[in-house]
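Working notes, beginning with the structure itself.
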Amino acid sequence: MESITFDWDNYLTHAQAPISSVEFFVSLALTAITAYVIKRVYVKFGQALSNRSNFGNIFIPLAMTTMIIITIVKSSLALSLGLVGALSIVRFRAAIKEPEELVYLFLIIATGLGCGAGQLKITLIGIFVSIIIIISYSYFAKKNKIIEEEIINS
């Protein structure tokens with residue numbers, strides 16, 4: 001019986017998943033489109049007091065950058081281990097003033113992660129269900145605010 005050995009050194013330095021150019025550009029385009037839709041939803045339905053338009057301008061580049069990083073990392077175990085080490089020393093310094101901003105940042109990062117990992121269907125379904133919930137919540141919150149104002153004024 002022949003013994004099968006596994007070369008860990010070769011695996012760690014040369015293991016790569018093939019990345020199709022067509023898949024990459026489709027994922028990149030879907031990431032940009034989805035991030036743009038999230039930006040429009042945030043600007044129109046967001047309740048943050050800060051300048052929503054300026055904050056929303058980072059959504060597309062953040063989603064696309066996340067998607068590119070995940071695409072690169074999923075193709076190489078060595079890169080993913082290096083990225084974990086590099087990111088462990090980097091801290092996010094921007095102050096998040098309102099929890100709503102964090103929710104939208106998570107949506108944008110989820111878009112980049114899902115599209116970068118090649119999980120397009122589940123990512124698009126999840127994001128658009130989230131958007132529908134956000135719009136519904138905004139509608140009912142505005143309706144409740146109007147009712148409360150009418151009660152106060154009468």
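Heavy atoms only: backbone and side chains are in, while hydrogens, waters and symmetry mates are out.
- Residues in residues 110-131 take part in no ring pair (Phe, Tyr, Trp, His ring centres under 6.0 Å) pair, two or more places apart or across chains.
- Val37 and Leu30 fall within the same hydrophobic cluster, where Ile, Leu, Val, Met, Phe, Trp and Tyr residues are linked whenever their side-chain heavy atoms come under 4.5 Å apart, directly or through other members.
- With sequence neighbours left out, the side-chain contact (heavy atoms from CB on, under 4.5 Å) criterion links Ile60 to Ala32, Ala35, Tyr36, Met64.
- Ile33 is not connected to Ile125 by any chain of hydrophobic side-chain contacts under 4.5 Å among Ile, Leu, Val, Met, Phe, Trp and Tyr, and they are in different clusters.
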Item to complete: Please lay out, stage by stage, how Cys115 and Leu120 fare under the test side chain to side chain contact (heavy atoms under 4.5 Å, CB included).
Response: CA-CA 5 Å; Cys115 291; Leu120 300 178; 3.8 Å; yes
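- Counting heavy atoms from C-beta outward, Met67 and Phe24 have side chains that approach closer than 4.5 Å.
- Among residue pairs with one or both ends in residues 114-128, none qualify as side chain to side chain donor-acceptor pair (under 3.5 Å); sequence neighbours excluded.
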Donor-acceptor pairs are to be reported for all side-chain atoms of residues 131-138 against protein atoms at under 3.5 Å, with residues two or more places apart or in another chain.
{"unit_1": "Ser136", "atom_1": "OG", "unit_2": "Ile132", "atom_2": "O", "d": "2.9"}

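- Here the straight-line distance linking atom CG of Leu124 with atom OG1 of Thr34 works out to 5.0 Å at 0.5 Å rounding.
- Of the possible polar contacts, one joining the Arg52 side chain to the Gly46 backbone as a donor-acceptor pair under 3.5 Å is found.
- The two residues Glu100 and Phe45 make their nearest non-hydrogen contact at OE2-O, 4.3 Å.
- Rounding to the nearest 0.5 angstrom, the gap separating the CD1 atom in Ile127 from the OG1 atom in Thr31 is 10.0 Å.
- The side-chain contact (heavy atoms from CB on, under 4.5 Å) test applied to Tyr139 returns Lys143, not counting sequence neighbours.
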For residues 103-112, please give each side-chain donor-acceptor pair under 3.5 Å, one per line with the distance, not counting sequence neighbours.
{"unit_1": "Thr111", "atom_1": "OG1", "unit_2": "Leu107", "atom_2": "O", "d": "2.8"}

